[in-house]
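Written below as structure tokens is the structure these notes are about.
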Amino acid sequence: MNAQPRPPPSPMLRIFEDLKARVASAMERAYPAAAAEALLRSGRLDPQLVVASKPEFGDFQANGALALAKPLSQPPRQIAAAIVAQLVADPAFGALCEPPQIAGPGFVNLTLRPELLAAELRERLGDPRLGVPSVALATGSAGKPPVPVVVDFSSPNIAKEMHVGHLRSTIIGDCLARVLEFRGHPVLRLNHVGDWGTQFGMLITHLKQVAPEALTTADAVDLGDLVAFYRQAKARFDADGAFQATAREEVVKLQGGDPVSRRAWQLLCAQSRREFQQLYDRLDIRLSERGESFYNPYLEGVVDDLDAAGLLVTDAGARCVFLEGVSGKDGQPLPLIVQKGDGGFIYATTDLAALRYRFAPPPNGDGAGRIIYVTDAGQASHFAAVFQVARRAGWVPEGGRLEHVPFGLVQGEDGKKLKTRSGDTVRLKDLLDEAVERAGADLRRRLTEEGRHETEDFISHVATTVGIAAVKYADLSANRNTNYQFSFDRMLALQGNTAPYLLYALVRIGGIARRGGEMGAAAAAGESFTSEACPFPDPLQFIEAQEWALARQLLQFDAVIASVEEELLPNRLCTYLFELSQVFNRFYDQVPVLKAEEPARGSRLALCRLSADTLRLGLGLLGIPTLERM
RNA sequence: GGGGCUGUAGCUCAGCCGGAUAGAGCGACGGUUUCCUAAACCGUAGGUCGUGGGUUCGAGUCCCGCCAGCCCCGCCA
């Protein structure tokens with residue numbers, strides 16, 4: 001609670017970088033001529049240092065010797081030996097690693113000194129960041145504030161219910177935002193809701209005729225009815241030319257600020273907003289709504305700017321920008337339409353306006369340095385087009401990053417797009433309800449089998465936490481690029497790469513902590529303390545293989561976070577946490593903690609504490625809260 | 001027609017800058033509980049990495065062709 005500021009801990013990433021420099025320098029000393037030549041061509045000799053592929057190979061392996069075999073016309077093992085000779089002569093290297101081993105065709109295997117690992121681990125005890133540096137602290141001292149990152153996700157449509165199609169964007173986007181926030185970036189979580197455009201013309205026109213009260217009185221009809229009205233409106237729009245014309249006029253009125261249309265629109269938005277919020281609350285997701293309508297005042301400026309930049313072409317009545325490197329059927333370049341023949345703007349215009357606004361400096365912009373769009377993979381070509389036009393228009397600042405984070409479809413167990421039995425779209429609310437219900441039924445069955453008695457509050461809390469966690473984790477743990485098969489049975493399974501398995505690992509640590517006396521309480525996690533007040537042994541002492549395996553796994557956390565921050569793949573974090581749980585469960589199974597003698601007991605409790613902290617923090621970054629008991 | 005994504009064990013999926021004998025989980029089969037929650041752990045079986053070329057000391061990974069599935073392609077979002 002009363003954590004003092006401490007010097008930034010030395011994360012494993014820095015050790016890795018140090019080591020890479022040491023090996024590179026050893027290679028240069030061993031082969032100065034080759035190094036000089038490499039300098040001319042492509043830079044330095046590459047040590048090709050990577051994390052060891054198997055535990056028996058140590059912590060890292062340098063593969064650089066193999067690549068030198070050909071240019072040097074020497075056997076790779078001989079090259080490896082020359083590099084190793086230089087390494088052992090380097091005291092800085094010796095401080096980090098045990099003597100290197102040459103293996104296989106010429107791999108150089110490196111093992112970090114155990115006392116270094118133990119010290120690194122102890123450094124993380126009581127550190128709420130677990131060794132992960134914050135860019136806010138790092139750049140704050142230099143006087144340069146960190147640049148905002150926009151994460152654009154979820155984005156449901158007004159007057160429609162959130163359905164399974166919004167699940168992945170919402171969950172993945174939230175996770176990425178959490179990771180970026182944890183790293184210290186100011187994150188703008190933007191909900192680019194569909195609150196503008198043709199569909200409102202349709203809906204308002206239809207409602208004026210069939211349910212006018214919905215347009216003047218708040219909540220006169222509920223959202224379910226609204227969805228039905230929307231469907232009817234769409235059908236009429238597609239079938240009836242006169243209706244279509246009226247709907248288009250309605251859009252013009254709305255966009256022109258007609259008070260009646262405007263009022264109707266606001267009521268529809270407010271009602272949808274409340275419905276969305278219920279789901280966001282359940283999922284514990286925070287979002288700032290900034291819908292398409294927000295950019296309405298900027299649309300004309302976008303088109304004018306494109307015109308001024310010489311990019312705009314009028315083709316068949318529509319104003320568009322022809323894309324470079326994208327050709328259609330007849331080999332002609334494809335256009336991105338920004339203004340329809342009738343003068344109306346479309347989503348591409350809105351997306352361009354949003355992009356420009358987000359990169360633009362305040363006060364008339366967000367001043368973002370990175371924009372991340374979390375939408376389904378089907379929109380890949382649309383975003384590629386928008387990004388290209390934005391770059392050509394000069395709206396992307398120097399170093400500005402523009403990333404589409406695509407994801408695959410949610411499919412049913414039949415491999416087709418997920419539908420209800422009656423063939424309807426699955427509502428997000430129903431999906432979450434069922435997950436919680438199934439988790440509850442599971443829990444009750446187990447309680448009966450084991451003769452346990454728990455309160456209704458406990459059961460409901462565990463069922464809710466496990467159910468929601470299972471849905472989120474199942475989504476995040478699959479590589480987002482591929483379609484993913486939704487299965488309640490699999491995601492709620494108690495074994496395997498699932499939320500319940502991870503949550504249970506944490507519960508086991510809770511069990512140790514409850515019976516572990518004073519130091520056990522410290523192992524329970526949550527409380528911060530200074531290095532001086534650290535109740536665990538100094539140094540930590542490990543002897544068992546399972547202890548070292550767990551220690552090494554724990555120390556990889558910072559590298560995993562860095563990878564997710566960069567590559568925006570939440571499944572990397574899931575895989576890591578699953579492996580951590582597995583390693584912990586092996587440790588728990590094979591190494592007694594509370595019955596051990598000091599200093600093994602305290603050292604093992606320290607491992608428990610760090611395992612709990614890492615799981616809790618990692619799951620938290622996935623948007624998943626944890627349990628003490630289950 | 002053009003473009004994108006995908007294809008790895010019976011099923012669901014990992015596989016990071018190209019590196020050692022391709023990994024998990026489920027399912028199957030077999031084992032483990034006087035001990036911190038067995039919602040766990042250990043073991044066995046299971047693979048022409050869609051396919052054919054190429055590059056490389058080395059290819060599931062990079063390049064080209066082909067096959068299959070899904071998705072996108074001018075005034076919807």
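Just so we're on the same page: letters track the sequence lines, and every chain starts at 1.
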A:Phe57 has its side chain closest, among B:C73, B:A20, B:C41, to B:A20
* B:G25 and B:C66, which share atom name C1', separated by this distance in whole Å -> 34 Å
Contacts of A:Asp589 meeting side chain to side chain contact (heavy atoms under 4.5 Å, CB included) (sequence neighbours excluded), chain-then-number -> none
For A:Tyr31, the ring-ring contact (aromatic ring centres under 6.0 Å, His included) test, sequence neighbours excluded, returns none
Quick note, A:Arg248 side chain, CB onward, closest among B:C76, B:G15, B:U12 is B:C76
Does A:Leu594 reach a base, just sugar-phosphate, or nothing at all? Heavy atoms under 4.0 Å.
base
To the nearest angstrom, the CG-P distance between A:Leu492 and B:U12 comes to 19 Å
For A:Phe276, the ring-ring contact (aromatic ring centres under 6.0 Å, His included) test, sequence neighbours excluded, returns none
A:Tyr347 meets the ring-ring contact (aromatic ring centres under 6.0 Å, His included) criterion, sequence neighbours left out, with A:His382
Task: Phosphate OP1/OP2 of B:C76: any A:Asn157 side-chain N/O under 4.0 Å - done: no
Base, sugar-phosphate or nothing for A:Pro500? Non-hydrogen atoms, less than 4.0 Å.
nothing
Quick note, salt bridge (Lys or Arg N to Asp or Glu O under 4.0 Å) partners involving residues 466-493 of chain A, not counting sequence neighbours, are A:Arg168-A:Asp475, A:Arg438-A:Asp489
Rounded to whole Å, the CG-C1' distance (A:Leu352 to B:A77) equals 14 Å
Taking B:A39, B:C36, B:A77 as options, the one with an atom nearest any side-chain atom of A:Arg446 is B:A39
Quiz item: What's the verdict on salt bridge (Lys or Arg N to Asp or Glu O under 4.0 Å) for A:Arg452 and A:Glu454, showing C-alpha distance, side-chain angles and the deciding distance?
Solution: CA-CA 7 Å; A:Arg452 279 170 63 189; A:Glu454 299 287 355; 3.2 Å; yes
Problem set entry | Inter-nucleotide C1' distance (B:A38, B:G46), Å rounded | 26 Å
Only residue of A:Arg552, A:Arg604, A:Gln590 satisfying side-chain hydrogen bond (donor to acceptor under 3.5 Å, both in side chains) with A:Glu547 is A:Arg604
Using the P atom as the point on both nucleotides, what is the distance between B:C42 and B:G4, in whole Å?
43 Å
Relative to its sugar, using the 90° cut-off around 0, the base of B:C41 is anti
| said: Heavy atoms only, 4.0 Å cut-off, all strands: where does A:Leu506 land among base, sugar-phosphate and nothing? | reply: nothing
Checking B:C41, B:A77, B:G4 against the side chain of A:Tyr347 (C-beta onward), the nearest is B:A77
Between the protein and nucleotides 16-19 of chain B, list every N/O to N/O distance that falls short of 3.5 Å.
residue	atom	partner	partner atom	Å
B:C16	O4'	A:Arg572	NH2	3.3
B:G19	O2'	A:Gln61	NE2	3.4
B:G19	N7	A:Gln48	OE1	3.2

A:Leu72 CG to B:C57 P, in whole Å, measures 13 Å
- Task: Applying side chain to side chain contact (heavy atoms under 4.5 Å, CB included), run through A:Phe153 and A:Ile172 and close with a yes or a no.
- Result: CA-CA 8 Å; A:Phe153 68 104; A:Ile172 294 168; over 6 Å; no
Per-residue pairing states of RNA chain B in dot-bracket (Watson-Crick or G-U under 3.5 Å; . unpaired, | other strand) read (((((((..((((.....[...)))).(((((.......))))).....(((((..]....))))))))))))....
- Task: With C1' as the reference atom in both, quote the distance from B:U21 to B:C67 in angstrom, rounded to an integer.
- Result: 31 Å
Picking from B:A20, B:A77, B:A38, the nucleotide nearest the side-chain atoms of A:Tyr588 would be B:A38
Whole-Å distance, A:Leu334 CG to B:G3 P, equals 11 Å
Rounded to whole Å, CG of A:Asn479 lies from C1' of B:U8 at a distance of 13 Å
| request: Using the C1' atoms only, state how far B:G15 lies from B:G23, rounded to an integer number of Å. | output: 7 Å
By side chain to side chain contact (heavy atoms under 4.5 Å, CB included), A:Val50 pairs with (sequence neighbours left out) A:Gln61, A:Asn63
Assert: residue with more 5' nearest nucleotide on RNA chain B, out of A:Ala505 and A:Leu68, is A:Ala505
Letter by letter from the 5' end, nucleotides 25-32 of chain B scores (B base, S sugar-phosphate only, - none; protein heavy atoms under 4.0 Å) SS------
Nearest-angstrom distance, P atom, B:C72 to B:A59: 38 Å
Check: Contact class for A:Ala103 vs. all strands (heavy atom < 4.0 Å): base, sugar-phosphate, or nothing?
Finding: base
Need one value for A:Asp442: base, sugar-phosphate or nothing, where a base atom within 4.0 Å counts as base even if backbone is also close, heavy atoms only.
nothing
field: Sugar-phosphate, base or nothing in reach of A:Asp315, heavy atoms under 4.0 Å
entry: base
Interatomic distance at P, B:U51 relative to B:U8, whole Å: 10 Å
When rounded to whole Å, the CZ to C1' distance for the pair A:Phe200 and B:C76 reads 14 Å
- Query: Is the distance between the ring centroids of A:Phe578 and A:Tyr501 less than 6.0 Å?
  - Reply: yes
For A:Phe60, the ring-ring contact (aromatic ring centres under 6.0 Å, His included) test, sequence neighbours excluded, returns A:Phe16
Just checking A:Asn109: base, sugar-phosphate only, or nothing, at a heavy-atom cut-off of under 4.0 Å? base
For A:Glu292, the side chain to side chain donor-acceptor pair (under 3.5 Å) test, sequence neighbours excluded, returns none
- Item | Sugar-phosphate only, base, or nothing, as touched by A:Gly511 at under 4.0 Å among non-hydrogen atoms | sugar-phosphate
### Query
How about A:Thr375 and A:His404: does a side-chain donor come under 3.5 Å of a side-chain acceptor?
yes
Query raised in the report: What about the rings of A:Phe387 and A:Tyr373, do their centers lie closer together than 6.0 Å?
Result: yes
**Message:** Mind checking if A:Ala69 touches a base, just sugar-phosphate, or nothing, with heavy atoms under 4.0 Å?
**Reply:** nothing
Looking only at atom C1', what distance separates B:C41 and B:C5, rounded to whole Å?
39 Å
Taking for A:Glu292 and for A:Ile337 the nucleotide of RNA chain B with the nearest heavy atom, the one nearer the 5' end belongs to A:Ile337
Would you classify A:Val321 as touching base, sugar-phosphate or nothing, given that sugar-phosphate means primed atoms plus P, OP1 and OP2, and contacts are heavy atoms under 4.0 Å? nothing
Picking from B:A14, B:G23, B:A39, the nucleotide nearest the side-chain atoms of A:Thr575 would be B:A14
Taken in chain and number order and not counting sequence neighbours, the residues that satisfy side chain to side chain donor-acceptor pair (under 3.5 Å) with A:Arg231 are none
Taking B:G4, B:G23, B:A39 as options, the one with an atom nearest any side-chain atom of A:Lys54 is B:G23
